[in-house]
Amino acid sequence: MTRDEIASLLSSVLAELKLQPDISFRIDIPPRKELGDYASNIGILAGRALKTNPIKVAEQIAAKAAEIDSGRNFAKVEFAKPGFVNFFLKPEYLQKNLLSIEKQDHDYGKSGVSNEKVLIEFVSANPTGPLHVGHGRWAVVGDIIARLLKATGNKVETEFYVNNVGAQVEKFEASVLARRQDEQPPEGGYGGSYVSSVKGNTRAEMLACMLEEQRQTLHQAGVDFNNWYEESSLHEKDKLRWAVEKLHDLRVTFEEEGAIWFKSEALGDDKNRVLMRADGRPTYFTADIAYHLDKFERGFDRLINIWGTDHHGYVSRLKAALKVLDLPVENFEIIIGQLVTLYRGDQPIRMSKRTGEMITFKEVIEEIGTDATRFFFAATDVNSHLDFDLELAKKKSNDNPVYYVQYAHARICSILKKTSGEASSTKVDLSTLMHPAERDLMFKLLTWPELVAEAARLRHPHRVTEYGRELATVFHKFYEQCRVLGDPARLKLVNASRITLRNVLELLGINAPEAM
RNA sequence: GCGCCCAUAGCUCAGCUGGAUAGAGCAACAGAUUUCUAAUCUGUGGGUCGCAGGUUCGAGUCCUGCUGGGCGCGCCA
């Protein structure tokens, strides 16, 4: 009985007992083992809805659930204090799941809970300098969210938007040329040391050079985009003018001081915004409207953007524009990624693209490795600011959480190498798997698919790293207490653990080494 | 000044649409290896969940105010 199956069981219990059928009860893993494998607050909520004693209702529900199940999946179903219903799975159920894990192999954890065509856009750094650590964080998070959404049944494309038009790229070109003449960059230009290594004679060549470096860095981080969407292609297709005309037709534009404005203030923004400058050139905002119109035109059901916190002020104006254009804004999510402050010991390192004083994403990868970089950046909620001490990450590299998880996988492979394929035998009596450590491990394995679904739904990669640590812990404890070699049932359990652990690392884009 | 985000153990962070006795890793201390990898495990200490109110059977979680920090508030991108 997975969480979903318990949910539908409880729904039919409510129906049979003729209780309030539409309460949104929760099913959780309770804080202590004595309270079962799963627990629901259903009695509390039903009691409240019916204005009766919640404990009595819980008692009734527990009895009915046990009756319907009639000992197939649950050893017992109990009710408890404020109105909880607690479910205790039979060991046979957990044991049976091991066979299912082996059978599903790489697919264990995947599901079809969602079926949308999703475009996720992230990083989208200006092609005027190397990627900084914040980009790196958003790259890792975006990449893993894409993997999560694929794993739960969606068709997903990843996209990097290239801002290769406008004042910034003009200043970039001027800065490169100035550096070659040993001159100062223009006002607001780029002064980092990387400027001298930019190759190319034309602006396009210079941008291509910078872009290629970004692409390589991302590849090194295990992040490979499906699409690189160049802003210039929007201009070539005259999409900006087309977008402005659409807004004009909707009567949400006006002219003032020679510029064309969008009446965004009336649509939830702080103020009105310029679409076309007095000199006739469009703003970045106009390009962004055209770009997102184009995204929806390409037939995606859902758009997800990861934007740096420095762009959060653009959320309301872009949503206002898309809404007035009658696009489904409810299917347009913007995840705001907070910054990373790098430290060397107590010393914070400022991230500024315009000064030479920055540590790039590439340097971080090279210093602490791809696996550790991905794990650390995935391991915290992207909505929270992250303080990241390079010295600490490097110094402690031997008991980094990522190595802890990888080590569990390597240990398993080492055991399995010592066997002659007994783990793959189909006729094994699993009923001997009764030890508490075995049970804990089996239960942890059982919850992997629902964890993936939950992490995908919340767009929370850090749930996956968390699970990886927990699974490794449960495995290591099992390993300490239970000798595996010579026990066919335990070999089965270990093999299922190997598959699950590998799938966790696969989802995170981290290597699953067979030896360490 | 206005807007968004954050504040949980010495440090870095989890805590799911409000649920049962607030967790993990690191750091500190004490132990475990003739046995499948000790990159492991066991145990100990460590908390007014920034502060003050409110909502209710129940608040780290929701609301209001305050304090402290990050980021925005361009006819830059």
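In what follows, every chain begins at residue 1, and chains take the letters A, B, ... in the order their sequences are listed. Keep in mind that this is a model prediction, so the values were computed, not measured.
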Checklist entry - Can you find a donor-acceptor N/O pair under 3.5 angstrom joining the side chain of A:Gln168 to the base of B:rC76? => result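 Present.
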Checklist entry - Of all the nucleotides listed (B:rC75, B:rG15, B:rC71), which has the minimum atom distance to the side chain of A:Glu257? => result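 My answer, after comparing the listed nucleotides, is B:rC75.
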Checklist entry - With rounding to whole Å, what would you report as the distance between B:rG72 and B:rG60 at their C1' atoms? => result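 One C1' to the other, the span is 28 Å.
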Checklist entry - Which sits closer to the 5' end of RNA chain B, A:Ile27 or A:Ala80, going by the nucleotide each is nearest to? => result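 The residue closer to the strand's 5' end, by nearest nucleotide, is A:Ile27.
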Checklist entry - With a 6.0 Å cut-off on ring centres, are A:Tyr404 and A:His476 close enough? => result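 So the answer is yes for these two rings.
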Checklist entry - Is the A:Phe88-A:Tyr38 ring centre distance short of 6.0 angstrom? => result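 Ring centroids of A:Phe88 and A:Tyr38 are no less than 6.0 Å from each other.
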Item to check | Closest listed nucleotide, where the reference is the side chain of A:Tyr479 and the choices are B:rC75, B:rA38, B:rG19 | outcome: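 Selected nucleotide (nearest to the side chain): B:rA38.
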Checklist entry - Any sub-3.5 Å donor-acceptor pair from A:His409's side-chain atoms to A:Gln406's backbone N or O? => result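 Side chain of A:His409 to backbone of A:Gln406: no pair is present.
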Checklist entry - Distance between the P atoms of B:rU67 and B:rA14, in whole angstroms? => result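 Per the computed distance, 26 Å lies between those P atoms.
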Checklist entry - Would you say the side chain of A:His385 and the base of B:rG69 hold a donor-acceptor pair, judged only by whether the two atoms sit under 3.5 Å apart? => result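 No, the side chain and the base share no sub-3.5 Å donor-acceptor pair.
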Item to check | Donor-acceptor pair under 3.5 Å, A:Arg411 side chain vs B:rU40 base | outcome: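 Absent.
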Checklist entry - With rounding to whole Å, what would you report as the distance between B:rU8 and B:rG23 at their C1' atoms? => result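 About 10 Å, rounded to a whole number of Å.
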Checklist entry - Does OP1 or OP2 of B:rG74 have a side-chain N or O of A:Lys271 closer than 4.0 Å? => result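 Result: yes.
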Next on the checklist: I'd like the C1' distance from B:rA30 over to B:rG45, given in whole Å.
Outcome noted: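 B:rG45 and B:rA30 have their C1' atoms separated by 11 Å.
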Next on the checklist: Using a 4.0 Å heavy-atom cut-off, does A:Asn400 contact any base of the nucleic acid, only the sugar-phosphate backbone, or nothing at all?
Outcome noted: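 Nothing, no nucleic acid heavy atom in range.
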Next on the checklist: Measuring only the C1' atom in each nucleotide, how far is B:rG19 from B:rC66? A whole number of Å is fine.
Outcome noted: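 These two C1' atoms come out 29 Å apart once rounded.
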Next on the checklist: Mind checking if A:Asn86 touches a base, just sugar-phosphate, or nothing, with heavy atoms under 4.0 Å?
Outcome noted: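 It contacts base atoms.
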Item to check | Any A:Asn383 side-chain nitrogen or oxygen under 4.0 Å from OP1 or OP2 of B:rC6 | outcome: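 Yes, A:Asn383 has a side-chain N/O under 4.0 Å of OP1/OP2 on B:rC6.
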Next on the checklist: On the side chain of A:Arg463, is there an atom forming a donor-acceptor pair with the base of B:rG15 - under 3.5 Å, no angle test?
Outcome noted: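 It does not, because no donor-acceptor pair links the side chain of A:Arg463 to the base of B:rG15 below 3.5 Å.
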Next on the checklist: Please classify the nucleic acid contact of A:Ser414 as base, sugar-phosphate, or nothing, using heavy-atom distances under 4.0 Å.
Outcome noted: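 Base contact.
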Checklist entry - Taking atom P in both B:rU48 and B:rU40, what distance in whole Å separates the two? => result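 That atom pair is separated by 30 Å.
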Next on the checklist: So is the aromatic ring of A:Phe84 stacked onto the base of B:rA20, judging by whether the centres are under 5.5 Å apart and the planes are under 30° apart?
Outcome noted: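 Yes.
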Next on the checklist: Counting only Watson-Crick pairs (N1-N3 plus N6-O4 or O6-N4) and G-U wobbles (N1-O2, O6-N3), all under 3.5 Å, who is the partner of B:rC49?
Outcome noted: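 Partner of B:rC49: none.
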Next on the checklist: By the 4.0 Å heavy-atom rule, please label A:Cys413 as base, sugar-phosphate, or nothing.
Outcome noted: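 If one applies the 4.0 Å heavy-atom cut-off, A:Cys413 turns out to touch nothing in the nucleic acid.
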Next on the checklist: Taking B:rA27 as the reference, what is the distance to B:rU42 when you measure between their P atoms (whole Å, please)?
Outcome noted: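 Comparing P positions in B:rU42 and B:rA27 gives a spacing of 16 Å.
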Checklist entry - Would you say A:Tyr404 reaches B:rC41's phosphate, i.e. side-chain N/O to OP1/OP2 under 4.0 Å? => result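 It does, given that an N or O in the side chain of A:Tyr404 lies less than 4.0 Å from OP1 or OP2 of B:rC41.
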Checklist entry - Nearest of B:rG70, B:rA39, B:rC76 to any side-chain atom of A:Gln338? => result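 Nearest nucleotide to the side chain: B:rG70.
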Checklist entry - Are A:Phe160 and A:Trp228 close enough that their ring centres sit under 6.0 Å apart? => result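 Centroid separation for A:Phe160 and A:Trp228: below 6.0 Å.
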Next on the checklist: Over all strands shown, is A:Arg273 touching base, sugar-phosphate only, or nothing at heavy-atom distances under 4.0 angstrom?
Outcome noted: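 The answer is nothing, as A:Arg273 stays clear of every strand by at least 4.0 Å.
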Item to check | Minimum-distance nucleotide to A:Leu485 side chain [options: B:rC36, B:rA24, B:rC57] | outcome: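 The listed nucleotide nearest to A:Leu485's side chain is B:rC36.
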Checklist entry - For B:rG1, which nucleotide is its Watson-Crick or G-U wobble mate, given both distances must be under 3.5 Å? => result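 Across all strands, the one nucleotide that pairs with B:rG1 is B:rC73.
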Item to check | side-chain N/O A:Lys171 vs B:rC76 OP1/OP2, d < 4.0 Å | outcome: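 Negative; the distance criterion is not met.
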Item to check | Same-atom distance (P) from B:rG10 to B:rC2, integer angstrom | outcome: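 The same atom, P, in both gives a distance of 34 Å.
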Checklist entry - Hey, does A:Leu275 reach any base, or is it just sugar-phosphate, or nothing, if we go heavy atoms under 4.0 Å? => result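 No contact.
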Next on the checklist: Out of the candidates A:Phe376, A:Tyr343, A:Phe361, only one should pair with A:Phe388 under the ring-ring contact (aromatic ring centres under 6.0 Å, His included) rule; please name it.
Outcome noted: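 When ring-ring contact (aromatic ring centres under 6.0 Å, His included) is applied between A:Phe388 and each of A:Phe376, A:Tyr343, A:Phe361, only A:Phe376 qualifies.
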Next on the checklist: Checking ring-ring contact (aromatic ring centres under 6.0 Å, His included) between A:His292 and each of A:Phe332, A:Tyr161, A:Phe285, which is the one that passes?
Outcome noted: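 Option passing the ring-ring contact (aromatic ring centres under 6.0 Å, His included) with A:His292: A:Phe332.
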Checklist entry - Between A:Asp487 and A:Arg490, is there a donor-acceptor pair closer than 3.5 Å when you use the side chain of the first and the backbone of the second? => result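 Side chain of A:Asp487 to backbone of A:Arg490: a pair is present.
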